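Here it is: the structure, laid out below.
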Amino acid sequence: MDRPRHFLQFKDFTRAEFDHLFERARWIKAEFKAFRKYWPLSDRTLVMIFEKASTRTRLSFEAGMQQLGGSAIYLNSRDSQLQRGESVEDAAQVISRMSDIVMIRTFEQAIIERFAAFSRVPVINGLTNEYHPCQILADIFTYIEHRGPIQGRTVAWIGDSNNVCNTWLQAAEVLDFRVHVSTPPGYEVVPERLGLQGTRHFEQFADPLAAVRQADLVTTDVWTSMGFEAENDDRRRAFAAWQVNREMMRLAGPQALFMHCLPVHRGEEVSAEVIDGPQSVVWDEAENRMHTQKALLEYLLCGRVDVSSSCSPGERT
């Protein structure tokens, strides 16, 4: 049996593969908007395993799989034997024999890597503490929709160097753009941990205003990610000067877009006038999770499909 292809980190795919995914997402989205049925995954099943709470991830995968003609099954760790001590490896072997593809939203990256090593079907990272590749897939597609290719552009990340930030840095390496990161002291990116090849695609700034100057895209996330709630008060104090506000967007320029992966805390990491303003594309960004993930599901189950054509998933193993 051939080993299945997984999407566990952004760097798992090549630039050519992402170009294909973005083109497929564009076509699949257009079909959806025109109310034209496209069911390449009929009789295929996605299992979604959640160990962390979710709104957008569950809805986008579940709705997307159904729109492709397949079905989606939701599993929460509290409702499965994983909560009672079944090993990740054993769960992977059982679940992958009863499904065609698996999405996991969990804690340590090591958990999803272990699952994928024993899975007979493709595994998608729906979020881990370290990476969030599906989010950046949608973000870059959204940028392309509004401004064209992201190659050679500058993305300014303001706030916590979390899993979304880590994934932006991987994407910059693969797709050849730059990321300016500004965090409070003590929250900086550690390039060695991310395996970055030098600094051509990455620069760290102590001053957030310097980081956003002439950026093409300004993006951020909540100051306190899931699992760090005990640090909330300390983080609010530390991040006070890292709010994306009107002044920051003015320095970026009128052409700059604003993104946020949501949920948002208006008045903390971003002001209401920015996220609800004309440069914000957060609602397109949120919707595009569904369309880019449909392209990803199609690719992992069908392989490369030419534009304006359909696919036939391979036989189950």
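Given the structure is predicted, the values throughout are model-derived calculations rather than measurements.
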Inset, instruction - State, with a plain yes or no, whether a side-chain heavy atom of Asp160 is found less than 4.5 Å away from one of Cys165. - result: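 Of all side-chain heavy-atom pairs linking Cys165 with Asp160, none is under 4.5 Å.
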
Inset, instruction - Give the intermediate values and the outcome of side chain to side chain contact (heavy atoms under 4.5 Å, CB included) for residues Trp157 and Val212. - result: CA-CA 8 Å; Trp157 175 271; Val212 302; over 6 Å; no

Inset, instruction - Without swapping roles, check the side chain of Asn245 against the backbone of Met248 for a donor-acceptor pair under 3.5 Å. - result: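 Here the side-chain-to-backbone pair exists.
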
Inset, instruction - Mind checking the OG-NE2 spacing from Ser60 to His291? Nearest 0.5 Å is all I need. - result: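 Output value for this atom pair is 10.5 Å.
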
Inset, instruction - Indicate if Leu217 and Leu251 have the same hydrophobic cluster label, given that clusters are the connected sets of ILVMFWY residues with side-chain heavy-atom separations under 4.5 angstrom. - result: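 Different clusters: Leu217 never reaches Leu251 through Ile, Leu, Val, Met, Phe, Trp or Tyr contacts under 4.5 Å.
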
Inset, instruction - State, yes or no, whether a side-chain contact exists between Thr128 and Glu108 at a heavy-atom distance under 4.5 Å. - result: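 With C-beta onward as the side chain, the pair stays apart.
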
Legend entry - Ring geometry between Phe22 and Phe141 (parallel below 30°, tilted from 30 to 60°, perpendicular above 60°):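 Parallel.
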
Legend entry - Where Gln293 and Cys134 come nearest, the two heavy atoms and their spacing: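 Looks like OE1-CB, 3.5 Å.
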
Legend entry - Derivation and outcome, side chain to side chain contact (heavy atoms under 4.5 Å, CB included), residues Tyr143 and Met259: CA-CA 9 Å; Tyr143 184 86; Met259 292 188 191; 4.1 Å; yes

Inset, instruction - Examine distances only and state if a side-chain atom of Arg3 and a backbone atom of Ala117 form a donor-acceptor pair shorter than 3.5 Å. - result: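 Checked: pair present.
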
Legend entry - Val123 side chain near Leu8 side chain, heavy-atom distance below 4.5 Å: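 When only atoms from C-beta onward are counted, Leu8 and Val123 do touch, with a gap below 4.5 Å.
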
Legend entry - Side-chain heavy-atom pair Gln67, Tyr38 within 4.5 angstrom cut-off: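 With C-beta onward as the side chain, the pair stays apart.
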
Inset, instruction - State plainly whether one hydrophobic cluster holds both Met65 and Met290, where clusters connect Ile, Leu, Val, Met, Phe, Trp and Tyr through side-chain heavy atoms under 4.5 angstrom apart. - result: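 Hydrophobic grouping puts Met65 apart from Met290.
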
Legend entry - Aromatic ring pairing Trp168/Phe177, orientation class (parallel under 30°, perpendicular over 60°, tilted between):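 Correct class here is perpendicular.
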
Legend entry - Donor-acceptor contact present, side-chain Glu188 to main-chain Gly186, <3.5 Å: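 Here the side-chain-to-backbone pair exists.
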
Inset, instruction - Please state whether the rings of Tyr299 and Phe13 are parallel, tilted or perpendicular, taking 30° and 60° as the class boundaries. - result: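 Taking Phe13 first and then Tyr299, their aromatic rings stand perpendicular (interplane angle over 60°).
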
Legend entry - Gap separating the CD atom of Glu203 from the OG1 atom of Thr154, nearest 0.5 angstrom: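 So the CD of Glu203 and the OG1 of Thr154 are separated by 9.5 Å.
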
Legend entry - 4.5 Å side-chain heavy-atom contact, Leu127 and Asn163: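 Counting from C-beta outward, Leu127 and Asn163 do come under 4.5 Å.
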
Inset, instruction - Would you check, one step at a time, whether the test side chain to side chain contact (heavy atoms under 4.5 Å, CB included) holds for Asp176 with His201? - result: CA-CA 7 Å; Asp176 192 23; His201 298 99; 3.1 Å; yes

Legend entry - Step-by-step side chain to side chain donor-acceptor pair (under 3.5 Å) determination, Lys52 to Asn129: CA-CA 10 Å; Lys52 286 189 173 186; Asn129 290 347; 2.6 Å; yes

Legend entry - No-hydrogen, no-angle side-chain donor-acceptor test under 3.5 Å, Asp284 and Thr142: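 Absent: no donor and acceptor within the cut-off.
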
Legend entry - Donor-acceptor under 3.5 Å (Glu89 side chain, Glu86 main chain):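 Here the side-chain-to-backbone pair does not exist.
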
Inset, instruction - Would you please indicate yes or no on a ring centroid separation below 6.0 angstrom for Tyr187 and Phe239? - result: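 Ring centres of Tyr187 and Phe239 closer than 6.0 Å.
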
Legend entry - Taking every non-hydrogen atom, the tightest pair across His132 and Gly126: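 That closest heavy-atom pairing would be CE1-O, 3.3 Å.
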
Legend entry - Beyond-backbone contact of Arg153 with Arg178, side-chain heavy atoms, under 4.5 angstrom: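 Side-chain contact under 4.5 Å: no.
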
Legend entry - Shortest non-hydrogen separation from Val121 to Ser99 and the atoms involved: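 In this case the closest contact between Val121 and Ser99 is CG1-O, 3.4 Å.
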
Legend entry - Considering all heavy atoms, the nearest Ser271-Arg246 contact: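 Taking Ser271 first and Arg246 second, the nearest heavy atoms are OG-N, 4.2 Å.
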
Inset, instruction - Any chance you could measure Thr57, atom OG1, to Ile104, atom CD1, to the nearest 0.5 Å? - result: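 Output value for this atom pair is 13.0 Å.
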
Inset, instruction - Find out whether the Lys NZ or Arg CZ of Lys294 is both under 6.0 angstrom from the six-membered ring centre of Phe32 and within 45° of the ring's axis. - result: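 Satisfied, under 6.0 Å and within 45°.
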
Legend entry - side chain to side chain donor-acceptor pair (under 3.5 Å) between Glu113 and Gln109, intermediate numbers included: CA-CA 6 Å; Glu113 300 278 355; Gln109 181 74 13; 3.1 Å; yes

Legend entry - salt_bridge(Glu298, Arg24) N-O dist < 4.0 Å: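 So Glu298 pairs with Arg24 through a salt bridge.
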
Inset, instruction - Taking the six-membered ring for Trp and the full ring for Phe, Tyr or His, determine whether the centres of Phe10 and Tyr131 are under 6.0 Å apart. - result: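 Distance test on ring centres: not under 6.0 Å, no.
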
Inset, instruction - Kindly say whether Ala156 contributes a backbone atom to a donor-acceptor pair with the side chain of His180 at under 3.5 angstrom? - result: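 No: the side chain of His180 does not pair with the backbone of Ala156.
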
Inset, instruction - Check Val218 against Ala215 and note the closest heavy-atom contact, atom names and distance. - result: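 Smallest heavy-atom distance, with atoms named: CG2-CB, 4.4 Å.
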
Legend entry - CD1 on Ile95 to OG1 on Thr45, rounded to 0.5 Å: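 That separation rounds to 13.0 Å.
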
Legend entry - NZ/NE/NH1/NH2 to OD/OE distance under 4.0 Å, Arg235 and Glu268: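 Looking at Arg235 and Glu268, the cut-off is not met.
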
Legend entry - Asp12/Arg5 salt bridge by N-O under 4.0 Å criterion: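 Salt bridge flag = no for Asp12 with Arg5.
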
Inset, instruction - Examine Leu301 and Phe18 and state if one hydrophobic cluster contains both, with Ile, Leu, Val, Met, Phe, Trp and Tyr joined whenever side-chain heavy atoms are less than 4.5 Å apart. - result: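 As far as the 4.5 Å side-chain criterion goes, Phe18 and Leu301 are connected within one cluster.
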
Inset, instruction - Taking all non-hydrogen atoms of both residues into account, name the closest pair between Glu269 and Pro263 and its distance. - result: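 Shortest heavy-atom contact: OE2-O, 4.3 Å.
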
Inset, instruction - Quick one: pull up CD in Glu130 and CG in Asn166 and give me the separation to the nearest 0.5 Å. - result: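 Taking CD in Glu130 and CG in Asn166, the distance rounds to 8.0 Å.
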
Inset, instruction - Check whether any side-chain heavy atom of Leu137 lies under 4.5 Å from a side-chain heavy atom of Leu21, and answer yes or no. - result: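 The answer is yes, as the side chains (C-beta and beyond) meet within the 4.5 Å cut-off.
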
Legend entry - Name of the residue among Val88, Val102, Ile124, Asn125 meeting side chain to side chain contact (heavy atoms under 4.5 Å, CB included) with Ile112: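 Running side chain to side chain contact (heavy atoms under 4.5 Å, CB included) over Val88, Val102, Ile124, Asn125 with Ile112 returns exactly one hit, Asn125.
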
Inset, instruction - Working to the nearest 0.5 Å, report the span between CG of Leu297 and SG of Cys302. - result: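 Answer for the CG-SG pair, Leu297 versus Cys302, is 9.5 Å.
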
Inset, instruction - Step through the shown structure and confirm whether more than 12 heavy atoms of other residues, nucleotides or ligands are within 6.0 Å of CZ on Arg97. - result: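 Incorrect, the count does not exceed 12.
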
Inset, instruction - Determine whether the side chains of Arg289 and Gln135 contain a donor N or O and an acceptor N or O closer than 3.5 Å. - result: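 Side-chain D/A pair, Arg289 to Gln135: present.
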
Legend entry - Main-chain N/O of Ala256 paired to Gln279 side chain as donor or acceptor, under 3.5 Å: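 Answer holds: yes.
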
Legend entry - Donor on one side chain, acceptor on other, Trp242 and Ser182, under 3.5 Å: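 Yes, because at least one side-chain N or O of Trp242 sits under 3.5 Å from a partner of the opposite role on Ser182.
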
Legend entry - Pairing of Glu145 and Lys29 as salt bridge, 4.0 angstrom limit: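 A salt bridge links Glu145 with Lys29.
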
Legend entry - Residue that, paired with His260, satisfies side chain to side chain contact (heavy atoms under 4.5 Å, CB included) out of Val281, Asp221, Thr219: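 Passing option: Asp221.
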
Inset, instruction - Show your working on side chain to side chain contact (heavy atoms under 4.5 Å, CB included) between Val47 and Ile101 and close with a plain yes or no. - result: CA-CA 6 Å; Val47 168; Ile101 191 164; over 6 Å; no

Inset, instruction - Following the transitive rule for hydrophobic clusters with a side-chain heavy-atom cut-off under 4.5 Å over Ile, Leu, Val, Met, Phe, Trp and Tyr, establish whether Ile140 and Ile158 coincide in one cluster. - result: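 No; Ile158 is not reachable from Ile140 via cluster members.
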
Legend entry - Note, Ile49 side chain near Phe115 side chain (heavy atom, < 4.5 Å):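 They are in contact (side-chain heavy atoms under 4.5 Å apart), so the answer is yes.
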
Legend entry - Common cluster, Ile28/Leu296, ILVMFWY with side-chain heavy-atom separation under 4.5 Å: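 Yes.
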
Legend entry - Side chain Ser96, main chain Ser119, donor-acceptor under 3.5 Å: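 Judged by distance alone, no pair lies under 3.5 Å.
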
